[in-house]
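Both backbone and side-chain heavy atoms feed into the values below; hydrogens, waters and symmetry mates do not. In what follows, every chain begins at residue 1, and chains take the letters A, B, ... in the order their sequences are listed.
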There are 2 protein chains.
Amino acid sequence: MEAGVLSKEEKKREVEVRPRNWLVPVILLTLREWNSYGYELMERTAAFGFEAMNPGTLYRTLRQMEKDGVVESKWETSRGGPARRMYTITDAGEAYLDFWAEALEQYRRNMDAFFRLYTGRPLMNNKNDKEEENE
Amino acid sequence: MEAGVLSKEEKKREVEVRPRNWLVPVILLTLREWNSYGYELMERTAAFGFEAMNPGTLYRTLRQMEKDGVVESKWETSRGGPARRMYTITDAGEAYLDFWAEALEQYRRNMDAFFRLYTGRPLMNNKNDKEEENE
DNA sequence: CCAACCTATGTGTATTGTACACATATATAC
DNA sequence: GTATATATGTGTACAATACACATAGGTTGG
């Protein structure tokens, strides 16, 4: 394999940087601002990295979130056009969001550690032995 | 569901904040510092959020990375104790790492946007209509 | 000497978050 | 009345990681 450029193999899987469980918090955060519904949420989640969000994934996630009690929904039919399932964040949802944000902070520290090491300066020499440097 | 505290349901799945594809870059970054092997890498990946890394997952990932050409390995037997499969990062591996780090920067912006919104100040009022605030 | 233990690598299978493909229904515009 | 935008949904696939378990070499101590 050649160096310097990425092989077709690697390009294919592109690099996807996004935390797992990113979708749920993003939805919750958005709903904390305004009540909303699936179709609209799709646009807004794009701002957080879900650029080509698949509708099915979003709708299913919303249903699951309702089962989990972090959101509630009811149909909104008083309007032209197809009915919308309007979602509201629950108290449990806000609690979950807070919990998640806290965890995100911890992760940010991990990411910073990554960058410190990446950008050159080795954090420390706390490795007991490093005899396998070269052979 | 009660608010303020997390339900058993939510506690069970804990909040796992870590980007997808985090393991591979962490391994590559570590190998860029020193050549290493699975057993040792387990300790080091812990520093980046893989606190209870399962051996199987790590070893399988390393093999896959070798197939992808981002690392190379050879047995090290000149030592007491079980043989170690020593890994070295390849040029392609370094290129991949660079590529990934760049993508990570973009994600960091998403995360910052999340925090700005989370910590109160609404980014903007660029939403066309928000009639569903209350009903 | 052989049993217990640490080191070290591995396989088989499950889980989970999201992706992809596709289906359906309601209104409005032409 | 059919095309289009809006809106919600199901079935299935996939990839990253988790979990459970197996194996084998070497060292230590009774």
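Applying the 4.0 Å criterion to OP1 and OP2 of D:dT8, one finds that A:Tyr59 has a side-chain N or O inside that range. A sub-4.0 Å separation between OP1 or OP2 of C:dA8 and a side-chain N or O of B:Arg79 is present. The phosphate of C:dA8 (OP1 or OP2) has a side-chain N or O of B:Tyr37 nearer than 4.0 angstrom. Between A:Arg84 and D:dA7 there is a side-chain N or O to OP1 or OP2 distance below 4.0 Å. Of the side-chain N and O atoms in A:Asn54, none sit less than 4.0 angstrom from OP1 or OP2 of C:dC20.
A donor atom on one side chain and an acceptor atom on the other are not found under 3.5 Å apart for A:Asp68 and A:Tyr96.
A salt bridge links A:Glu105 with A:Arg108: the closest approach of a Lys/Arg side-chain nitrogen to an acidic carboxylate oxygen falls below 4.0 angstrom.
Between A:Pro55 and B:Gly80, the one whose closest nucleotide on DNA chain C sits nearer the 5' end is B:Gly80. Sequence order on DNA chain C of the closest nucleotides to B:Arg63 and A:Thr77 puts B:Arg63 first from the 5' end.
Nucleotide C:dG17 holds its P atom 20 Å from the CZ atom of A:Phe48, rounded to whole Å. With rounding to whole Å, A:Met65 atom CE is found 15 Å from D:dT8 atom P. Between A:Trp22 atom CH2 and C:dA19 atom P the separation is 14 Å, expressed in whole Å. Per the geometry, CE belonging to A:Met53 stands 14 Å off P belonging to D:dT8, to the nearest Å. In this structure, B:Ile27 places its CD1 atom 12 Å from C1' of D:dT17, rounding to the nearest Å. Computed from coordinates, the B:Met42 CE to C:dG10 P distance equals 11 Å when rounded to whole Å. Remark: C1' of D:dA16 and CH2 of B:Trp100 are 13 Å apart, rounded to the nearest angstrom. In this structure, the CD atom of A:Gln64 is 15 Å from the P atom of C:dT15, given to the nearest Å.
At least one side-chain heavy atom of B:Leu28 sits under 4.5 Å from a side-chain heavy atom of B:Met65. The closest side-chain heavy-atom distance from B:Asn54 to B:Tyr59 is not below 4.5 Å.
Residue B:Gly38 is classed as a sugar-phosphate contact, given heavy-atom separations below 4.0 Å to backbone atoms only. The residue B:Gly81 sits close only to the backbone: its heavy atoms come under 4.0 Å of sugar-phosphate atoms, none of a base.
Here the side chain of A:Thr90 pairs a donor or acceptor atom with the backbone of A:Gly69 at under 3.5 angstrom. A donor-acceptor contact shorter than 3.5 Å links the side chain of A:Glu66 to the backbone of A:Ser73.
In the set D:dA18, D:dA24, D:dT6, D:dA18 carries the atom at the smallest distance from any side-chain atom of B:Thr57. Set against D:dA7, C:dT7, C:dG17, the side chain of A:Asn21 has C:dG17 as its closest nucleotide.
Taking the six-membered ring where the residue is Trp, A:Tyr107 and B:Trp22 present perpendicular rings, their angle passing 60° and hence far from 30°. Taking the six-membered ring where the residue is Trp, B:Phe115 and B:Tyr118 present perpendicular rings, their angle passing 60° and hence far from 30°.
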Please tabulate the protein-to-nucleotide N/O contacts below 3.5 Å involving nucleotides 12-14 of chain D, giving atom names and distances.
from: D:dT12; atom 1: O4; to: A:Arg60; atom 2: NH2; distance (Å): 3.4

